[in-house]
Amino acid sequence: MSEVTHIPELANLEKGRSLTQDALARLRKNRMAMLGLYFLIGLIVIALLTPWIAPYSYEEQNLELGASPPSAQHWLGTDILGRDQLTRIMYGSRISLAVGFIATAVALTIGVLWGAIAGFVGGRVDALMMRIVDALYALPFTIFIILLTVVFGSSLLLLFLAIGAVEWLTMARIVRGQVLAIKKQEYVEAAISMGLSPWRIISRHLIPNVLGPVIVYTTLTIPSVILLESFLSFLGLGIQPPASSWGSLISSGVEVMEEYVWLLFFPGVVLTLTLFSLNFLGDGLRDALDPRASKD
Amino acid sequence: MSSETLLSVENLRVVFNTRNGQTVAVENLNFSLNKGEVLGIVGESGSGKSVACYSLLGLIPMPPGKIESGRALFHGQDLLTLPEAEMRNIRASKIAMIFQDPMTCLNPYLRIVDQLTEVLIVHNGLNKQQARLKAIDALVEVGIHNAAERIDQYPHQFSGGMRQRVMIAMALLAEPELLIADEPTTALDVTVQAQILSLIKDLQKKRQLTVIFITHDLGVAAEMADHVLVMEKGRLVEEGDTQHIFKNPTQPYTKKLLNAVLTTAKPATEHTVNRSGSPLLEVKKLHVGFPQYSGALFRRIKNLVKGVTDVSINLYEGEVLGLVGESGSGKSTLGRSIIRLIDSQEGSIVFNGKELSGLNGDNLKNARRDFQMIFQDPYASLNPRMTVFDTLAEPLLVHGLANKTTVLEQVNQLMDDVGLDRRFIRKYPHEFSGGQRQRIAIARAIALKPKLIIADEPVSALDVTIRAQILALLLKLTEKHKLTMLFISHDMSVVRYLCDRVVVMQKGELVEEGATEELFAAPKQPYTQQLLAAIPKL
Amino acid sequence: MFMFIVRRVLQAIPVLFMVALVTFIMIRSAPGGPFDEDRAVPPEVIKNLNERYHLDDPLWKQFLDYISKVVQGDLGPSFKYPSHTVNDLIAAGLPATLELSFYALVFALVTGLTAGIIASLKTNSMQDYIPMSAAMIGICMPTFVLGPILLLIFGVWLGWLPVAGWGQIPGDKILPSITLGSVYAAYIARISRGGMLDILSQDYIRTARAKGLSTTRIVFVHALRGGITPVISFLGPAIAGLLAGSFVVETIFQIPGLGRFYVTAAFNRDYTMILGCTIFFAFLIILFNLLADVMLVWLNPKLRQELEARG
C-alpha cells in the first residue's frame with residue numbers, strides 16, 4: 001500500500017515495522033495458534049488432493065469384510081458395508097471444509113457490505129439497517145435451516161446459502177462498530193479536512209484499520225459453520241448418502257458405537273481437532289492484533 | 001509542627017518484568033517524611049513517582065511488578081514485608097489514597113453511601129446507621145450540599161469535581177495519619193482544580209494531616225508542598241525545601257522542568273498584524289447544536305443540545321487567536337464547525353471572502369486545502385498503518401503540490417521544519433513518542449501551506465517538558481511561515497505564550513475578547529478572572 | 001422500566017408475524033404434501049382431507065385464518081396425528097425440553113462462573129490454564145460427539161448411569177443435562193473470565209483495595225456485578241442454542257421432548273406442527289432475550305435511571 005516503492009532513494013533508509021509485521025511476529029510466537037495453522041494447512045492440502053491420493057473409492061463396498069477395526073490395509077478401519085473409513089473421512093473433509101469456507105465467504109460478503117454501509121451512511125439508514133439485524137437476531141435460525149433443508153431438499157448450494165445467510169449478522173455488527181469507531185478517529189477527520197476524496201479515505205484510512213477484527217472474526221466463523229453443517233448432517237438433514245461429511249459419519253458411528261467404536265472415534269477426533277485448530281488460530285490472531293497489546 | 005518521623009523509605013527499587021525484558025520503575029529511592037508535613041513528588045510520566053507510592057501500600061500489580069529491595073518504615077513497621085492481612089489494616093485507616101481520575105475511581109454499580117460506609121464498617125466496626133451518619137458528616141465537610149440526600153445517589157449523578165470531593169471524604173473517613181494524593185486535580189477543569197486544591201489544603205491544616213502529593217505540575221507542587229522530591233526515570237534527582245528548590249535549582253533536569261513552566265508573554269514579533277482590512281476569517285452569529293434522537297421504531301430528532309450559541313469572531317491574516325474555555329464550553333465544537341467537520345445550523349462563516357457554510361462536494365474539497373487542523377491526541381490523529389512518509393506525502397500528491405520526483409525533498413523539508421530526523425520517514429506512528437507524533441501531525445498540517453490552522457489543545461496531552469518544546473516549535477513556525485492560527489486551549493499560560501489575541505468562551509457563548517496582554521492585565525468578566533486565578537504561580 | 005418492557009414487547013410482535021409469514025410461505029412452496037404416503041391414496045380421500053384442512057382456499061386466506069387462530073392461542077390440529085392438536089403435542093413435549101434446558105443451564109452457570117471467576121483471580125497459573133484449556137475443549141467438542149462419548153463411558157462401559165430415557169430411572173437426567181450444558185459452561189467460563197479481568201483492572205477496584213477491603217469483599221461486592229454483565233448478555237443466545245441443542249441430545253438419549261417432535265415433524269411435513277413449533281420457539285427465544293435485557297438494565301444503575309427518567 002505504500003507509495004514509497006516508487007522512490008529509489010527511500011529504499012536505503014531504515015524501514016519501520018508496521019503493525020501487521022508486529023502482529024505476525026506475535027502470532028509466530030504463539031505455539032498453539034501456529035500448530036493450529038499447520039494442522040489446517042495439512043488438512044486442506046489432503047482434502048484438495050483426495051481424489052488422487054485416497055487409498056480406496058469412497059463408495060467401494062466390501063460386504064464380506066464388514067466392519068473391521070484399524071489394520072494395515074485399512075488404517076482407520078472399515079464401516080458396516082466394508083468401506084474404507086480413512087477414504088470416507090478424507091472425502092468428508094472436502095465437503096465439511098467447503099461448506100465451512102464458502103458459507104463463511106457468503107456471510108463475510110453480506111456482513112461486511114451491510115455493516116459498512118450502515119456505518120458509513122449513518123443516521124436513519126443506519127438505525128433502520130441495525131433494527132433489521134436486531135430483529136433477525138431474535139429468530140430461531142437453526143430451526144429455519146432445518147426447515148429450509150426439509151422444504152427444498154438438502155443440496156450443497158442450499159447449505160452454503162442458508163448457513164451464510166445466518167452467520168452474517170454478527171459480522172455486520174462488528175464491521176459497523178469498527179467503521180463507526182474509526183470514523184470518529186482524528187486521523188480520519190484529518191483526512192477529511194485535508195480535502196481527500198471519500199474513496200481515498202475509505203481505501204487508505206478506513207479499510208486497512210477495519211481489516212484486523214474482520215480477519216479474526218472470519219477465522220472464528222469458519223468453525224461454527226462447520227459445526228452447524230455437522231449438526232444438520234447428524235440429524236440426517238444435511239449431506240445425503242452415499243456422500244459423507246464429518247457430521248453424517250459421526251451420526252452413523254453413533255448408531256453402532258457399542259460394537260464398532262472406531263466408527264465414532266475417528267471422525268469425532270478429526271472434527272474436534274479441526275475446530276480446535278480454527279479456534280486457537282482465531283484466538284491467536286485476536287491476541288496478536290489486539291491494539292491494547294501493541295500500545296505498550 | 002513536630003519533627004517526629006512518620007515514614008522513612010530506604011533504597012527502594014521496583015522493577016516491572018514485561019515481554020520485552022525488565023524495566024526499572026524506581027531505583028534506589030530514599031526519603032523520609034515528618035508528621036504534619038506535605039511532601040511533593042514531582043516528575044513527568046514514567047518518572048516512577050506513582051509506582052513508588054503505590055508500592056508502599058502494596059497496590060502495584062505483582063506480577064509483573066516486583067519490589068526488589070528496600071524498606072519503608074511506618075511507625076517502625078516495614079510496609080514492604082507486611083503480610084496482606086496486616087496491610088489491609090494499614091490501608092485507609094492509617095494510610096489513605098486519592099487518585100487521578102474521579103470519573104473512573106468510584107464504583108459505578110454501588111451507591112455513594114455503600115462505598116463510604118464500608119470503610120467504617122470494615123475498619124472501625126461501626127454498624128450501618130452509625131456509619132451512614134458519619135459518612136454524611138464527611139460529605140458535608142468536603143462541601144457537598146444536600147449530603148443527606150445525595151449520599152443515596154450513584155456516582156454518575158455527580159460531576160467530576162464533586163466525585164473528587166467524594167473520594168477525599170472517603171479517604172479521610174477512617175481518620176488516616178497519612179494521605180497520598182496521586183495527581184488529584186489533573187483530570188479536572190482548571191477552575192475546579194483550584195477549588196479541590198484549596199479543599200485539600202484546608203483539610204490538611206485542620207486535621208494536621210501528613211500528605212504526599214504526587215504531581216507533574218510544578219505550580220501545583222509549589223502551592224501545596226513544604227518539601228519537594230524531583231524524580232526522573234525512576235531516580236531521585238533533587239530534593240529540598242520547596243521555596244529553596246524552585247529558587248535555586250542545582251540539577252539540569254529540575255531547571256528544565258522549571259523552564260517549562262510558562263510565565264512569559266508572547267515575544268514581540270517582527271511582522272505586525274494588519275487589522276484594518278477585511279479579516280481572513282469572519283464568523284458571524286454562528287449556532288451549532290447536536291441532534292438528540294428518540295423514538296422506539298424510527299428515529300426522530302427530539303431536540304438540539306446546544307454546542308455553540310450566537311458566536312462571532314474575526315481572525316486577521318498572520319494573527320494567532322487564542323480560544324479559551326473549560327471542557328463543555330463549546331470551544332472545540334466551534335473550531336470543528338469552522339472547517340466544516342461539524343455542520344452549523346445558523347450563521348455565516350466567511351473565509352478569504354468566500355462563504356463556507358453552504359459549500360458542498362468539490363467546492364468544499366478545494367476550499368479545505370486552505371485550512372488544516374492539529375488535534376489533541378497525537379495517538380489518535382495519525383493513521384497507524386501509514387508511514388510518516390505516506391502521511392506527509394499524501395496531501396501533497398493529492399492536491400498536486402508535488403510530483404513523484406519532488407515529493408521526497410518536500411517531505412524532507414517538512415521533517416526539518418518540525419525538527420524530526422529525515423532518517424525516520426519510513427517508520428510508523430507507533431514507533432514514535434507522543435511529542436514526536438505531535439511533530440508529525442504539525443508537519444502534516446503545514447504541508448499544504450494553509451492560510452489557516454486550527455489547533456485543538458495540541459499540547460494538553462503532553463508532558464511538561466515536551467509541551468514546552470512543542471510550543472516553542474509552534475511559535476517558531478508561526479513566525480517563519482507567518483501562519484494564521486486559531487489556538488484552542490483550556491490553559492491561560494499556554495495562550496499567553498503563543499497568542500496575539502484571546503477570546504473566552506463559557507457554556508457555548510463568547511464572554512470576553514481582547515488583546516492578550518490587555519486581557520491578562522485587566523480581565524473584565526468574573527469567569528475570565530477565575531481562569532486567570534487558576535494559573536498556578538511559582 | 002415498565003414502559004421499556006412494553007416497548008420491547010411491542011417490537012416483538014412484527015418479528016413474530018414475520019416468522020409466521022416466512023415459515024408459512026416456505027412450507028407451502030415445498031414440493032410434496034402431508035398426505036403423500038408410500039401407497040397411493042384415492043383422490044377423493046385427498047380431496048376430503050384438503051377440504052377439511054381448508055387447503056383449497058387461497059394461500060392468503062389460509063394464512064389469515066391461521067394467524068387469527070394463533071392470536072387466540074390455538075395452533076390448530078396436527079396434520080400427521082389428526083386426533084391431536086399442535087397445542088397438545090407442544091404441551092406433551094415441552095416439560096421434558098424445558099426441564100432438560102433448565103438443568104443444562106444451571107450446570108453451565110455453576111461450573112462456568114466458578115471456573116471463570118477463579119481463573120480471572122489467578123491469571124497465568126494452573127488454576128487459570130486448566131479450566132481454560134478444559135473450556136476450549138468444551139467449545140470445540142460438538143454435543144453430538146460428547147454425548148455418545150459420555151454415554152459410552154458412563155453408561156455402557158462403567159455402567160454407572162442409565163443410557164436413555166427421561167424421568168424413568170433415577171439418574172437418567174444427569175448425562176443429557178451435562179451433555180447439553182457443557183458447551184455453554186465452556187463459553188460462560190471464557191466470557192466471565194474476560195469480564196472479570198476487565199473489571200478487575202478498573203480504577204475503582206484499585207480504590208477498593210486502597211480502602212483495605214478483603215479480596216472476597218472486592219470480588220463479590222465490587223467486581224462481580226460488572227464482571228458478569230457480559231455473561232448475562234450471552235444468556236439470550238445461549239438459551240436459543242440450548243433449545244436447538246436439545247434436538248441432538250433428545251435424539252441421542254431418546255428423550256420424548258419438543259426437539260425430537262420437531263425433527264420428526266420436519267421429516268413428516270406436518271405443516272401445522274412445524275409452523276406451530278417455529279412460532280413457539282421464536283416466542284421463547286424472544287422472551288428470554290427480553291428477560292436478559294431487562295436484567296442488564298436492572299444491574300446497571302445508570303441505564304436504569306435513564307429509563308426511569310424517560311418513563
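Chain naming here is simple, since letters A, B, ... match the order of the sequence lines and numbering starts at 1 in each.
Proximity to chain A (any heavy atom under 4.5 Å) is restricted, for B:Arg336, to the side chain, taken from C-beta onward. For chain A, the nearby part of B:Leu382 is the backbone; its heavy atoms alone come within less than 4.5 Å.
Side-chain N or O atoms of B:Gln438 include one that pairs as donor or acceptor with a backbone N or O of B:Phe375 at under 3.5 Å.
The CD atom of B:Gln436 lies 6.0 Å from the CG atom of B:Leu420; values are rounded to the nearest 0.5 Å.
Checking B:Tyr428 against A:Asp22 by side-chain atom types alone, no donor-acceptor pair falls below 3.5 Å.
Contacts with chain A were tallied for B:Arg340, B:Arg369, B:His399, B:Glu431; B:Glu431 has the most, counting heavy-atom pairs under 4.5 Å.
In terms of the salt bridge (charged side-chain N to carboxylate O under 4.0 Å, His left out) criterion, B:Asp377 has no residue partners (sequence neighbours excluded).
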